[in-house]
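As the structure is a prediction and not an experimental result, all values here were calculated from the model.
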Amino acid sequence: MIFFPSKWKLLFQFKSAGLYLLIIFVVLGMTSWYGAKIPLLVSDLSHTYDHPEKISASIMALLFAFIYLFIVRVFYQIFTNLYVRGLLFYLRSFLYQSWVCHRDVVNEKDGDPNDRFPAGEVIARLMNDSQAVKELITSGTFAIVIDLFFVFSALAGLCLMHAKSGFLVFAVELGASIFLIWGSGAMREAFHEVRHARGLISRQIANVGPGLKEGYLNPNYDYASKTGAHAYSEFMNKQLWANVWDSGYYSVAEGLYPIMLALLILFFPMTEVKEAALLLAIIDFIQRSINPIKNIAGKITNIQRAQVGLEKMNEFLKALGKDFGSEKEMDLQINVKAPQNLGHFQLQKMQIDIDSFAYKKSHGAFRLQHIHLQFSPKAKIGLVGESGCGKSTLLQIIAGNCRPTSGTISLFGADEISRFSDQSNEKDFEIYGQLVCLVGQEAHVFQDTLYFNITMGKGTEQEFSVFWHHVCDLIPQLRSWWPDWRMNVMPKNLSHGQKQLMTVLRAFYFKRPVVLYDEIAAGLDSNLEEALRLALQLVQGQSLVMTVAHRLETVMNSDVIILMDKGTVVAKGTHQELLTKEPSYSRFLQELNLNQKEKNIAEIESKG
Amino acid sequence: MTSLTTKLLALVPNSLFPVRGPSIEKAKNYLNDRLSLSQLLWRQITFYKLDYFLAVMTLVVTHWAQAELPFMGKSLADNMHSLSWSDAWPFLLIATLTLVFRTLSRLYFFFPARAMERDMRLELVKLLEKTPPPRYKNFSSGQLFQILSNDTEQMRALIGFALLQLANLVIALLILLPKLIAFEPRLVYSLLPLLISLVVFILLVNGTRGYQKKALELQGEMQGLILESYSAKKTIKHYHSDASFCQKFNVLNGLELKNFFYSAVGVALATPILPLGMGVALCHAGYIINELHLGASAFILFSGITFFLMEPLGFISWIGVVAAQSWASYKRITGLVESCQTTNEEERLLNLPEKFCLPVNRAQLPLVSLPLWGQQMTIDLSQFDYGTAIALLGPTGVGKSTWLYNLGLKLKSEGHQVAYVAQSPYLYNDTFITNLFLGKTPTESEKELAFKLTVLMGLDYLAPSKEELFQLNLGEQGKKLSGGQAKRVAMIRSLLLTAPILLWDDPLAAVDILLEKQILEGLREYGLLNGKLLLMSTHRLTTARQCDHYILLDKNFEKHEQGPIANLQNNQSRGYDFFSKQMEATLSV
């Protein structure tokens with residue numbers, strides 16, 4: 001189980017791994033060479049005890065041996081460090097990259113893939129599990145390897161000196177090691193439970209942390225401390241239990257020294273040890289070897305932890321569609337496949353055909369069906385209807401966040417067609433996703449510069465400077481809110497409306513042919529309303545814009561209004577047409593109980 | 001087999017064989033008094049006197065037994081030719097003593113440490129729950145996570161493992177050295193190389209302490225980046241900015257590992273020094289043994305003694321590393337506690353009382369005075385009757401959300417109960433019903449009311465039955481619900497509380513006009529606003545018109561206005577002005 005299943009392949013698959021490992025092996029060889037000499041040198045001490053002229057020589061020889069081993073050891077430590085450093089860098093970056101680039105699409109069959117990876121768990125995979133690999137260095141697990149090489153070579157040297165006793169010592173130590181390794185296997189379950197409980201703590205903290213600010217004002221009946229008490233106590237008890245095994249194991253390893261001496265006595269007649277020098281060499285060897293064997297105890301738990309960590313990271317990668325074993329090399333250079341540049345795409349027509357879709361757990365909520373729409377480029381489309389009629393869902397599908405159970409969105413260009421349908425795979429989405437842009441309710445603004453927030457890392461500062469200048473001329477309010485685009489933006493200090501504005505500017509910067517708005521905050525103050533209106537105009541000047549809004553004013557000047565109810569489209573047309581031809585639209589308007597001015601406007605417009 | 005052992009262990013009293021941690025009620029306090037690290041250690045020892053006493057005793061027995069072994073080894077060599085089987089028994093006895101007492105000593109040392117980890121974490125969470133948020137606003141969520149999750153663990157490593165190894169070393173020295181001196185005092189000088197190597201070791205490890213600290217900080221930043229990427233995943237995906245984020249992560253990753261490497265290099269150079277020291281000590285002893293004609297078997301004695309000293313000495317490295325990390329961790333923990341315990345600049349600006357008052361008489365609505373753009377703005381809430389709704393209006397950027405939150409802080413600090421709905425409410429990764437009632441167990445009638453409100457808010461379609469709805473898991477940060485749905489859940493939550501003052505930050509922005517009307521009318525119809533005062537910030541005229549009064553805020557103090565809603569139709573009022581600009585803007589579209 002411990003030695004080399006395929007999931008360990010990844011340990012060798014990064015840049016320079018080969019070089020480091022080669023050097024490490026060379027160093028191990030050098031250790032072994034001198035290690036075999038040690039028993040001989042030690043016994044020489046006793047041999048030459050009665051010969052004053054020779055004893056200095058044997059002491060010096062021993063001293064030289066120790067210094068040599070020290071230097072070799074230092075090299076070993078440095079190169080194993082370099083190896084782990086390289087490994088961790090690639091491992092963590094690879095994991096993060098795979099996770100961030102993962103295209104998760106909601107669909108009816110599987111539901112929402114995001115459920116599998118709560119934030120606390122992602123952190124656990126990326127940080128805690130890789131920490132377990134790091135601990136292989138900090139806990140001295142790698143050091144055990146060189147110790148073991150040393151022990152084996154010393155044993156070989158001892159056997160060369162006196163085969164019978166060497167063999168006996170080997171047999172006993174081998175038996176002890178096997179027993180200890182078997183014991184560590186029996187303990188694995190206890191450690192798994194500890195890890196699991198630790199993960200639960202991470203989740204609990206990630207869960208309650210962000211709610212503290214708002215929860216402070218409300219009497220929240222100690223939700224945070226209650227869930228915390230439960231999670232922390234669980235962990236404590238699991239740890240205490242695992243500790244019993246851990247300590248017992250360690251003590252058994254320590255008891256090996258007196259046990260081996262006892263066995264030595266018992267087997268004395270058999271082994272024919274006649275000289276004190278040999279006895280000295282044997283006892284010295286036992287002392288040198290006990291520590292590595294004892295430490296195997298502790299290090300095996302480290303190796304197990306690292307193994308569990310690697311398994312979990314592998315599971316994580318598999319869930320993201322990647323596999324340790326199948327990757328040739330963890331490739332960070334070709335980072336994210338740079339999307340094909342579709343800047344030249346000229347939208348001629350957009351066609352929406354959705355036959356069926358419903359969220360997995362929608363029970364009784366309406367199913368989207370029989371939606372067939374066609375739009376010309378740069379059309380201004382308004383999507384209205386009651387809450388729950390499916391307009392937001394429709395938008396999510398067009399944006400590519402949900403895959404329809406049956407249906408296709410087609411974007412026709414001059415020479416090419418891009419589609420998003422129930423058959424689409426990741427590659428199709430790569431292309432489709434560049435043509436569509438969703439400005440949603442979750443207007444996420446990053447804790448970074450304004451520049452980054454709008455460009456999201458694309459383009460140069462020069463290009464942006466020109467762009468920003470142009471935009472500020474058209475929308476003067478921007479200069480008062482964000483005078484310096486190089487400064488960091490604090491999302492906490494922005495109002496919701498300002499965040500929306502920033503997302504609109506982002507959409508404008510990206511020049512996508514299709515732009516989707518989901519539920520813009522309505523009725524902002526005149527300044528911000530004006531700024532948003534201007535920004536919207538800018539976007540409408542270059543893209544097809546579909547808006548979901550709660551206020552009719554926003555969509556009243558749309559080229560076409562789509563009225564939805566219970567998952568289907570019930571009416572389609574301009575505001576004028578719908579007023580005169582669609583009774584349900586007028587009913588819809590009337591029920592809104594507009595204030596007098598709005599009603600007047602509607603009346604005036606309808607009269608012509 | 002494990003279940004049998006568990007049953008057996010359940011028979012043994014916990015104090016003798018500690019496998020079960022103390023219950024929550026017995027959780028101890030560590031952080032209130034902001035102790036220094038040494039004071040903390042002392043307090044821990046006084047809390048768990050019995051365990052530490054037993055721990056030391058068992059260690060003493062262990063070391064006493066082990067200290068016999070070098071001498072027994074020497075006599076083994078001296079009497080090589082006259083050994084019999086009975087000479088093996090003492091060795092087996094010592095092995096047994098080692099096994100039993102070594103295990104027990106570890107248990108006794110680790111038990112208080114693990115209990116402390118649990119208690120400290122719990123104490124921190126409880127503290128954060130009860131602290132006004134302005135006090136810890138300088139701590140990012142990543143940092144809070146690190147302190148609660150990692151730093152407490154680090155403290156446990158210090159109090160458990162490090163303390164054990166320290167005691168181990170001290171006791172070993174106290175037992176072994178006198179025996180060596182009794183045998184031959186001059187041999188003690190041979191221990192000098194060992195001591196020197198230890199000092200060099202400590203210096204090397206200490207020299208890299210700075211890198212450790214930096215690496216831990218960077219880990220915190222990485223966690224923060226991961227958390228941000230999580231919230232923004234859809235946005236990142238949409239704009240194909242994965243590359244920029246991977247780049248950011250790689251930079252942090254590389255830096256953290258660089259610091260880790262430098263700190264590890266110190267250890268890399270230091271670790272092999274101890275065996276070298278032992279080797280040199282052995283060579284030196286060789287000279288002395290030869291000079292003093294102590295006999296070849298004295299080698300065995302000396303190497304045995306250094307062997308038993310090596311183990312505890314070897315752990316000094318880890319003690320050093322752990323101490324360094326724990327020192328940094330403890331600083332962070334006490335830093336947080338200190339922030340939470342001291343009045344903040346922001347609180348002084350708001351004029352919050354130093355000590356929070358006991359809950360006051362419900363009937364009295366207060367006069368509140370809060371700063372806004374450099375001026376003190378006073379609102380007399382007592383002029384309003386219970387059962388009224390007040391619309392809070394104002395241009396974007398005037399600071400309505402902050403003002404509303406501060407109002408909540410001020411009211412709460414003066415002893416009033418408030419119920420607050422944020423602009424982006426936070427929902428927990430838990431069931432629907434837990435999110436409504438949080439730590440409280442609801443009665444049947446409360447559950448009924450909750451369901452009635454759910455229907456009113458138009459959320460009952462989320463699940464086919466009431467039971468399934470209540471058990472519906474809302475996902476991390478409430479991700480399974482849309483923004484509008486989350487706001488409505490928060491509204492239900494606030495209505496279920498008994499607080500008389502409701503502060504809502506634009507919760508109906510994402511709700512269409514029909515549903516909004518249904519909700520606000522339903523609230524009055526079901527008498528849910530009885531005995532309560534609702535203060536709701538909004539941008540929409542339709543929302544405002546369903547309230548009874550309004551308060552208009554502005555950056556310019558002169559332009560504030562308060563009045564009944566009917567006033568909005570009066571074309572002399574500023575409220576009218578405010579909305580008419582909106583209408584103009586709309587018409588010009």
Classify the ring geometry of Tyr223(A) against Tyr428(B): parallel below 30°, tilted from 30° to 60°, perpendicular beyond 60°. tilted

Closest contact, heavy atoms only, [X] versus [Y]:
| X | Y | result |
| --- | --- | --- |
| Leu409(B) | Pro132(B) | CD2-CB, 4.5 Å |
| Phe91(B) | Ala262(A) | CB-CB, 3.7 Å |
| Ser247(A) | Arg106(B) | OG-CB, 3.4 Å |
| Ala264(B) | Ile137(A) | CB-CG2, 4.3 Å |
| Gly73(B) | Ile300(B) | C-CG2, 3.9 Å |
| Ile78(A) | Ala268(B) | N-CB, 4.4 Å |

Using non-hydrogen atoms and a 4.5 Å limit, figure out which bit of [X] sits close to chain A: side chain, backbone, both or neither.
| X | value |
| --- | --- |
| Gln223(B) | both |
| Ile273(B) | both |
| Gln219(B) | both |
| Leu122(B) | both |
| Ser303(B) | both |
| Phe307(B) | side chain |
| Ala27(B) | neither |
| Leu104(B) | neither |
| Tyr136(B) | side chain |
| Leu99(B) | both |
| Thr131(B) | backbone |
| Ser229(B) | both |
| Lys137(B) | backbone |
| Ser141(B) | neither |

Chain B contact via [X] - which portion, at a heavy-atom distance below 4.5 Å:
| X | result |
| --- | --- |
| Ala399(A) | both |
| Leu212(A) | both |
| Val208(A) | both |
| Ile59(A) | both |
| Ile290(A) | side chain |
| Leu263(A) | neither |
| Ser56(A) | both |
| Ile55(A) | side chain |
| Phe446(A) | both |
| Ile283(A) | side chain |

Could you give the distance from OG1 (Thr503(A)) to NE2 (His444(A)), rounded to the nearest 0.5 Å? 11.0 Å

What's the separation between atom CG in Leu107(B) and atom OG in Ser251(A), rounded to the nearest 0.5 Å? 8.5 Å

Can you tell me which residue among Arg121(B), Glu129(B), Lys126(B) is in a side chain to side chain donor-acceptor pair (under 3.5 Å) with Ser225(A)? Glu129(B)

Would a distance-only check, ignoring hydrogens and angles, find a side-chain to backbone donor-acceptor pair under 3.5 Å from [X] to [Y]?
| X | Y | answer |
| --- | --- | --- |
| Lys412(B) | Tyr216(A) | yes |
| Arg102(B) | Tyr250(A) | no |
| Thr434(B) | Asp430(B) | no |

I'd like to know whether the aromatic ring centres of Phe452(A) and Phe245(B) sit less than 6.0 Å apart in this structure. yes

Is the distance from the ring center of Phe260(B) to that of Phe89(A) below 6.0 Å? no

Within a strict 4.5 Å, meaning less than it, do heavy atoms of the Met72(B) and Leu261(A) side chains meet? no

Are Leu514(B) and Lys517(B) packed together at the side-chain level, in the sense that at least one heavy-atom pair is separated by less than 4.5 angstrom? no

Heavy-atom pairs under 4.5 Å with chain B, option from [options] with the top count:
| options | value |
| --- | --- |
| Leu438(A), Asn237(A), Asn81(A), Val42(A) | Asn81(A) |
| Arg73(A), Gln498(A), Met456(A), Met60(A) | Met456(A) |
| Cys437(A), Ser58(A), Gly255(A), Pro210(A) | Pro210(A) |
| Asn207(A), Leu240(A), Val436(A), Ile265(A) | Asn207(A) |
| Val74(A), Asn243(A), Leu280(A), Leu126(A) | Asn243(A) |
| Lys213(A), Lys226(A), Gln447(A) | Lys213(A) |

List in chain and number order the residues that pass side chain to side chain donor-acceptor pair (under 3.5 Å) with Ser244(B), two or more places apart in sequence or in another chain; answer none if no residue qualifies. none

Checking Glu228(B) now: which residues fulfil side chain to side chain donor-acceptor pair (under 3.5 Å) with it, not counting sequence neighbours? none

Is the shortest side-chain N to carboxylate O distance from Asp222(A) to Lys130(B) below 4.0 Å? yes

Chain A contacts, top residue of [options] (heavy-atom pairs, under 4.5 Å):
| options | value |
| --- | --- |
| Pro272(B), Ala88(B), Ala95(B) | Pro272(B) |
| Ser105(B), Gly458(B), Ser424(B), Pro425(B) | Pro425(B) |
| Thr98(B), Val418(B), Val100(B) | Val418(B) |
| Tyr426(B), Tyr287(B), Phe261(B) | Tyr426(B) |
| Val398(B), Asn290(B), Leu427(B) | Asn290(B) |
| Gln66(B), Lys400(B), Arg493(B), Lys258(B) | Lys258(B) |

